[in-house]
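See structure below.
Start at 1 with the first residue, then count along the sequence. Values below: every heavy atom of this structure, side chains too, minus hydrogens, waters and symmetry copies.
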Amino acid sequence: MSVVSDRLPTFPWDKLAPYKQRAGAHPGGIVDLSVGTPVDPVPDLIQKALVDAADSPGYPTVWGTPALRDAITGWVERRLGAREVTHRHVLPIVGSKELVAWLPTQLGLGPGDRVAYPRLAYPTYEVGARLARAQYEVYDDPTELDPEGLKLLWLNSPSNPTGRVLSQADLTRIVAWARSHGILLFSDECYLELGWEADPVSVLHPDVNGGSYDGIVAVHSLSKRSNLAGYRAAFLAGDPAVLAPLLEIRKHGGMMTPMPTQAAVVAALGDDTHVREQRERYAARRVLLREALLSHGFRIEHSEASLYLWATRDEFCWDTVAHLADLGILVAPGDFYGTAGDRFVRVALTASDERVRAAVDRL
């Protein structure tokens with residue numbers, strides 16, 4: 001087993017354990033703004049759909065039910081502005097992290113192949129490349145990369161951790177560049193419905209891709225927009241020539257979304273009201289935390305979308321983590337997301353209204 005585990009970095013969240021203990025010792029209890037896990041209830045209509053599908057004794061299919069594929073194609077067209085999306089253009093996945101971690105392996109990448117992702121990024125992009133024994137590198141502008149041997153290009157807009165949003169013009173330029181060099185582009189758009197000071201655009205929009213899905217796939221999740229992190233519910237949409245072999249590989253691997261979760265996703269994608277209500281909760285928390293951090297001497301960069309505030313006091317990130325832990329507030333150090341983040345912390349909006357107010361009072 002060490003042959004595989006030795007390829008991987010130390011699991012970053014383990015490093016935060018002593019600071020979590022320190023924050024937990026605060027008389028008012030911990031305010032955990034680190035991981036970004038949803039805390040609000042799963043909407044009733046989604047819970048009902050899950051329960052109604054609980055009697056599911058048979059194996060689910062990897063491709064999902066026709067109702068699930070209808071729900072995904074309908075949402076992609078309605079919400080993202082995509083056109084002529086068929087069942088061949090979509091594929092359910094068992095949460096987006098699973099896909100990110102195993103995609104290079106499932107694509108058949110290995111030594112000599114290159115995977116690229118943003119300089120500040122979700123750590124699992126690197127993990128996926130390591131698991132496949134592929135080379136990996138970071139970028140500021142992907143079009144400045146050497147295309148030779150570059151097999152997989154990750155975009156992430158809105159960004160985790162910074163909340164930065166790529167403009168439609170930038171997306172269009174990057175898609176064209178990747179296509180011109182035959183580079184497969186995967187766009188992680190899991191925070192797309194959480195734009196605050198920007199309106200994020202998908203690579204599936206015809207103004208970005210010219211009406212063709214060739215060489216592009218978007219990754220979407222219901223974890224944040226519908227509070228379904230515990231359901232492991234996500235999907236891919238894009239090039240059928242990419243998704244068809246992935247479907248076959250995932251059939252062999254048994255990567256099946258459970259039937260009750262499939263039913264819950266159908267309900268979630270068919271209802272926009274609960275998404276709007278959850279956005280309003282996060283928007284209110286964001287205003288409070290942003291003002292409190294600014295008044296405490298922080299500077300906030302980007303953060304125009306997603307569920308985080310990318311904040312700095314112009315000091316080493318772990319010093320900031322320790323300072324906030326003494327106030328009973330736990331945040332994520334910026335170097336979890338790359339060395340370029342070593343003077344920032346990521347502050348999640350995913351705490352209850354009561355806990356957010358407690359953090360604001362302490363700040």
Side-chain angles (χ1 to χ4, degrees), residues 12 35-36 80 93 95-104 107 114-130 134 136-145 150-175 177-178 183-205 208-209 215-225 229 234-238 242 301-310 332 334-341 344 346-350:
V35 177
L80 305 183
I93 54 177
S96 58
K97 184 170 186 175
E98 167 265 308
L99 183 281
V100 173
W102 292 106
L103 179 65
L107 291 173
R114 293 164 53 227
V115 177
Y117 49 86
R119 186 171 303 280
L120 284 166
Y122 185 45
T124 312
Y125 303 133
E126 177 186 331
V127 167
R130 284 177 178 250
Y136 52 90
E137 59 193 276
V138 299
Y139 65 78
D140 295 307
D141 181 343
T143 65
E144 296 176 355
L145 292 166
L150 182 58
K151 298 297 180 65
L152 175 61
L153 173 64
W154 279 106
L155 299 185
N156 180 208
S157 176
S159 162
N160 174 17
T162 69
R164 181 188 177 201
V165 173
L166 293 174
S167 69
Q168 180 176 301
D170 281 337
L171 288 172
T172 303
R173 176 176 58 85
I174 295 167
V175 167
W177 178 85
I183 299 165
L184 179 59
L185 187 154
F186 265 67
S187 180
D188 181 346
E189 302 175 352
C190 290
Y191 296 91
L192 185 137
E193 293 203 282
L194 296 167
W196 311 116
E197 297 161 5
D199 187 14
V201 180
S202 172
V203 295
L204 300 179
H205 196 285
V208 171
N209 60 42
I216 59 172
V217 177
V219 184
H220 284 271
S221 168
L222 287 87
S223 291
K224 306 301 196 291
R225 51 93 73 189
F235 60 88
L236 305 178
V242 176
E301 292 191 1
H302 297 302
S303 307
E304 58 259 36
S306 84
L307 281 182
Y308 312 106
L309 294 170
W310 188 239
D335 65 2
F336 276 11
Y337 309 95
T339 56
F344 285 80
R346 193 194 74 170
V347 183
L349 309 179
T350 50

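Arg346 meets the salt bridge (Lys or Arg N to Asp or Glu O under 4.0 Å) test with no other residue; sequence neighbours excluded. Judged as a ring pair (Phe, Tyr, Trp, His ring centres under 6.0 Å), and not counting sequence neighbours, Tyr337 has no contacts. Checked against side chain to side chain donor-acceptor pair (under 3.5 Å), Glu144 has no partners two or more places apart in sequence or in another chain.
Minimum interatomic distance between Ala234 and Ser221 (heavy atoms only, all atoms of both residues): CB-CA, 3.9 Å. Nearest heavy-atom pair across Leu145 and Val138 is CD2-O, 4.2 Å. Taking both residues in full, the closest heavy atoms of Arg164 and Asp140 are given as NH1-O, 4.5 Å, listed atom of the first, atom of the second, then distance. Between Pro104 and Val100, the shortest heavy-atom contact is CD-O, 3.8 Å. Closest non-hydrogen pair, Leu185 versus Ala178, comes out as CD1-CB, 4.0 Å. Minimum interatomic distance between Ala305 and Gly195 (heavy atoms only, all atoms of both residues): CB-CA, 3.7 Å.
A distance of 10.5 Å separates CG of Leu307 from OG of Ser223, quoted to the nearest 0.5 Å. Atom-to-atom distance recorded for Leu236:CG and Ser96:OG is 9.5 Å, nearest 0.5 angstrom. Atom CG of Asp199 and atom OG of Ser167 lie 12.5 Å apart (nearest 0.5 Å). To the nearest 0.5 Å, the span separating OG1 on Thr124 from CZ on Arg130 amounts to 12.0 Å. With rounding to the nearest 0.5 Å, the separation of CD in Glu189 from CG in Leu166 is 10.0 Å.
Counting heavy atoms from C-beta on, the side chains of Arg173 and Asp141 come closer than 4.5 Å. Using a 4.5 Å cut-off on side-chain heavy atoms (C-beta onward), Tyr308 and Tyr191 make contact. The side-chain heavy atoms of Leu171 and Leu155, taken from C-beta on, include a pair separated by under 4.5 Å. Contact of the Val208 side chain with the Gln168 side chain is registered, since non-hydrogen atoms from C-beta on lie closer than 4.5 Å. For the pair Lys224 and Leu194, the minimum side-chain heavy-atom distance is below 4.5 Å. At a threshold of 4.5 Å between non-hydrogen side-chain atoms, the residues Ile174 and Leu153 count as touching. Side chains of Trp310 and Leu120 form a contact here, defined as non-hydrogen atoms less than 4.5 Å apart. A heavy-atom distance below 4.5 Å is found between the side chains of Leu349 and Leu309.
In terms of modelled atom types and a separation under 3.5 Å, the side chain of Ser303 and the main chain of Glu301 share a donor-acceptor contact. The backbone N or O of Gly338 sits nowhere less than 3.5 Å from a side-chain atom of Glu126 that would complete a donor-acceptor pair. At distances below 3.5 Å, at least one donor-acceptor pair connects side-chain atoms of Asn156 with backbone N or O atoms of Asn160. At least one donor-acceptor pair closer than 3.5 Å links the side chain of Glu304 to the backbone N or O of Val165.
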Practice problem: Could you walk me through whether Trp154 and Leu103 pass the side chain to side chain contact (heavy atoms under 4.5 Å, CB included) test, one step at a time? | Solution: CA-CA 11 Å; Trp154 279 106; Leu103 179 65; 3.6 Å; yes
Quiz item: Checking side chain to side chain contact (heavy atoms under 4.5 Å, CB included) for the pair Leu152/Tyr117: CA distance, chi angles, key distance, verdict?
Solution: CA-CA 9 Å; Leu152 175 61; Tyr117 49 86; over 6 Å; no
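Other residues, nucleotides and ligands contribute over 12 non-hydrogen atoms within 6.0 Å of the CZ atom of Arg114.
In this structure, a donor-acceptor pair under 3.5 Å is present between the side chains of Asp188 and Tyr125.
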